[in-house]
2 protein chains.
Amino acid sequence: MREEDRNDIRNLPLFRNMTSPAFDALMHAAYDQVFPAQLELIRQGEVANFLHVVLEGAVELYANWQDRDTTMAVVQPVATFILAACMRDAPYLMSARTLRRSRIVLIPAVDVRAAFARDHGFALATVQELSEGYRNFVRHAKNLKLRNARERLGAYLWQRSLDTGGAQGFVLPQEKRLLASYLGMTPESLSRAFKALRDHGVHIDGMRVTITDPAALAALVQPNTLLDTALNIP
Amino acid sequence: MREEDRNDIRNLPLFRNMTSPAFDALMHAAYDQVFPAQLELIRQGEVANFLHVVLEGAVELYANWQDRDTTMAVVQPVATFILAACMRDAPYLMSARTLRRSRIVLIPAVDVRAAFARDHGFALATVQELSEGYRNFVRHAKNLKLRNARERLGAYLWQRSLDTGGAQGFVLPQEKRLLASYLGMTPESLSRAFKALRDHGVHIDGMRVTITDPAALAALVQPNTLLDTALNIP
DNA sequence: GGACAAAGTTGATCCAGATCAAACCTCGCG
DNA sequence: CGCGAGGTTTGATCTGGATCAACTTTGTCC
């Protein structure tokens with residue numbers, strides 16, 4: 001593994017407060033691999049063998065049932081995913097695929113659990129990470145149940161705007177059909193929701209979004225940290 | 001606190017593997033209280049001061065935004081709730097109210113975090129509990145996004161049937177309007193969904209449900225541990 | 001640079017589930 | 001025992017978002 005990547009991982013909240021020996025042991029057991037776009041990394045129902053860390057690229061977490069599919073989250077570098085399944089030693093509830101060529105570190109779940117047992121700083125960080133993941137899914141469920149399609153899109157755009165440093169203009173980080181699936185609607189409905197938001201201070205041109213009237217958008221979506229997920233999801 | 005209640009708490013997975021001194025310290029700091037029905041225990045947005053343990057009665061976790069409300073979960077004895085907010089020292093994302101007269105133990109969040117730091121068995125149990133909570137919310141979100149109203153109800157009834165020991169007949173544990181809200185639909189739609197399920201092996205009479213044709217119901221809902229939440233929720 | 005595929009948009013139509021309104025139960029209580 | 005309030009069901013109607021189909025745009029690969 002490259003020194004630089006190692007440092008990126010070391011600086012993640014999850015690993016920041018580990019002792020060096022414990023961290024070294026984890027990294028020693030880990031695999032660093034590059035995967036092409038559209039590769040299925042994990043299939044839901046398999047038992048969790050690895051904690052994944054995305055160093056470059058992007059990974060989609062999705063779920064399916066019968067012939068239906070839905071996007072649950074997008075993981076951007078540098079971040080980990082499916083910690084919960086690893087800690088429980090349980091089957092993955094979601095599948096994962098690369099959205100583009102991605103570099104990913106795989107840490108054997110058994111080593112993660114061993115590190116948890118030995119290193120208190122890591123144990124604490126694990127709980128913080130799990131708690132925040134838990135809370136983000138509570139937010140996702142609240143969003144789905146309490147807001148309609150237009151409001152969900154508006155809230156999403158508002159949050160993206162904040163995440164890009166309060167800039168009024170930004171570029172959508174993923175293609176629209178994926179965003180539609182994440183927000184729980186069809187691509188057609190997303191397209192119409194964008195049109196509807198023109199009356200609420202949002203201008204869209206291809207992938208480029210401009211919030212022309214923040215007050216109007218805020219009035220519609222009532223942004224709220226109890227519903228809106230900060231940071232790269234997706 | 002009564003000896004019996006103390007034992008019930010001690011036997012919860014979360015507390016089972018604590019050292020006795022650590023458990024005693026936690027219990028020493030805890031309050032044991034009885035609340036009437038319909039009392040708001042927690043309001044979303046407040047900072048988490050207590051981990052709650054339901055000993056008797058039942059507690060509804062719900063969320064609201066603007067003038068809309070939705071039920072997120074029902075906690076049955078003996079179980080804890082809002083561990084994630086306590087560990088993060090963050091605002092509650094959900095409100096909580098008693099559904100009936102309930103006995104609840106309140107453990108100061110600061111003591112919970114201290115116990116986590118000192119007692120490894122508790123730390124491990126905390127992570128297991130959080131992970132499972134996390135996974136249950138993933139399931140809830142998957143359910144909402146992948147199944148329609150009728151399928152959600154069918155899956156719910158299937159799971160309740162399993163939870164009551166595979167019995168074909170059982171009584172709904174909560175009133176229907178609450179169930180409707182939990183399943184993400186209106187009471188009217190729930191009523192119609194019940195009627196629609198008559199063609200899929202479900203008979204309903206008031207609060208009493210009978211699964212007359214398990215194969216037919218299973219064919220409709222395709223029960224699946226990756227979507228369906230076992231145990232008392234709600 | 002042209003051609004082909006995939007993503008996105010637009011329009012027409014449909015339908016699951018919401019809303020509104022009116023019974024109809026059920027159960028606690030004076 | 002009747003009465004009232006809240007829960008539930010039923011019916012009529014409406015509508016947000018899905019579906020289906022056609023068209024346009026964008027990106028990719030010889």
Side-chain angles (χ1 to χ4, degrees), chain A residues 36-38 60 66-71 74 97 99-101 143-156 171-200 202-209 220-221 234, chain B residues 36-38 60 66-71 74 97 99-101 143-156 171-200 202-209 220-221 234:
Chain A
Q38 296 303 327
E60 177 191 4
Q66 312 268 71
D67 58 344
R68 300 168 214 170
D69 274 53
T70 190
T71 300
V74 172
R97 71 166 77 97
L99 287 172
R100 53 190 80 106
R101 179 185 163 84
N143 231 322
L144 289 168
K145 292 178 87 174
L146 294 170
R147 294 210 263 228
N148 65 25
R150 194 168 38 120
E151 291 161 348
R152 291 200 297 277
L153 175 59
Y156 172 83
V171 174
L172 292 175
Q174 314 299 152
E175 55 183 23
K176 291 182 189 172
R177 69 200 186 98
L178 189 147
L179 176 58
S181 177
Y182 173 69
L183 294 175
M185 65 185 93
T186 59
E188 295 95 322
S189 292
L190 180 72
S191 182
R192 292 183 175 110
F194 267 120
K195 262 167 78 168
L197 286 183
R198 287 194 298 219
D199 297 341
H200 299 272
V202 175
H203 180 260
I204 176 102
D205 177 26
M207 291 281 110
R208 165 129 235 115
V209 175
L220 176 74
V221 308
Chain B
Q38 297 302 328
E60 177 191 4
Q66 312 267 72
D67 59 344
R68 301 168 213 170
D69 275 54
T70 189
T71 301
V74 173
R97 70 166 78 96
L99 287 172
R100 53 190 79 105
R101 181 184 160 84
N143 231 320
L144 290 168
K145 293 178 87 173
L146 293 170
R147 295 209 264 227
N148 65 26
R150 194 168 39 121
E151 290 161 348
R152 291 200 297 277
L153 174 59
Y156 172 83
V171 175
L172 292 176
Q174 315 298 153
E175 55 184 22
K176 290 182 189 170
R177 68 197 187 102
L178 190 146
L179 176 57
S181 177
Y182 172 69
L183 293 175
M185 65 185 93
T186 59
E188 294 96 321
S189 292
L190 180 72
S191 182
R192 291 181 176 112
F194 267 119
K195 262 167 81 169
L197 287 182
R198 286 195 299 218
D199 297 340
H200 299 271
V202 175
H203 180 259
I204 176 103
D205 177 27
M207 291 281 112
R208 165 131 234 115
V209 175
L220 175 74
V221 308

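Chain letters run A, B, ... following the sequence lines, proteins first and then strands; every chain starts at 1. Quick note: numbers below take in every heavy atom, side chains included, and nothing from hydrogens, waters or symmetry partners.
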Walk me through it: do Thr186(A) and Arg177(A) pass the test side chain to side chain contact (heavy atoms under 4.5 Å, CB included)? CA-CA 7 Å; Thr186(A) 59; Arg177(A) 69 200 186 98; over 6 Å; no
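In this structure a side-chain-to-backbone donor-acceptor pair under 3.5 Å is missing from Lys145(A) to Met185(B). Under the 3.5 Å distance criterion, the side-chain polar atoms of Arg198(B) are left unmatched by any main-chain donor or acceptor of His203(B).
Residue Leu183(B) contributes atom CG, which lies 11 Å from atom P of dA18(C) at whole-angstrom precision. Rounded to a whole Å, the CG atom of Leu172(A) is 16 Å from the P atom of dA7(C). For Phe194(A) and dA7(C), the CZ to P distance is 17 Å, given to the nearest whole Å. The distance between atom CD of Glu175(B) and atom P of dG7(D), rounded to the nearest whole Å, is 5 Å. The CG atom of Leu190(A) sits 17 Å away from the P atom of dG16(D) (whole-angstrom rounding). Atom pair Met185(A):CE and dT19(D):C1' shows a separation of 16 Å (rounding to whole Å applied). For Leu153(B) and dG17(C), the CG to C1' distance is 14 Å, given to the nearest whole Å. Rounded to an integer number of Å, the gap from CD of Glu188(A) to P of dG17(D) is 14 Å.
Checking the phosphate oxygens (OP1, OP2) of dG17(C), no side-chain nitrogen or oxygen of Thr186(B) falls inside 4.0 Å. For Ser189(A), no side-chain nitrogen or oxygen approaches OP1 or OP2 of dG17(D) to under 4.0 Å. Side-chain nitrogen and oxygen atoms of Lys195(A) include at least one within less than 4.0 Å of the OP1 or OP2 phosphate oxygen of dT10(C).
Summary of the strand contacts: Gly206(A) and Arg150(A) both lie near DNA chain D, and taking for each the nucleotide with the nearest heavy atom, the more 5' one is attributed to Arg150(A). Sequence order on DNA chain C of the closest nucleotides to Ser191(A) and Asn148(B) puts Ser191(A) first from the 5' end.
Side-chain contact, Arg150(B) with His200(B): a donor N or O sits under 3.5 Å from an acceptor N or O.
With hydrogens and angles ignored, no donor-acceptor pair closer than 3.5 Å exists between the side chain of Arg192(A) and the base of dG8(C).
Looking at the side chain of Arg177(A), the nearest of the listed nucleotides dG8(C), dG17(C), dA18(C) is dG8(C).
Using a cut-off of 4.0 Å between Lys/Arg side-chain N and Asp/Glu carboxylate O, Arg68(A) and Glu151(B) are scored as salt-bridged.
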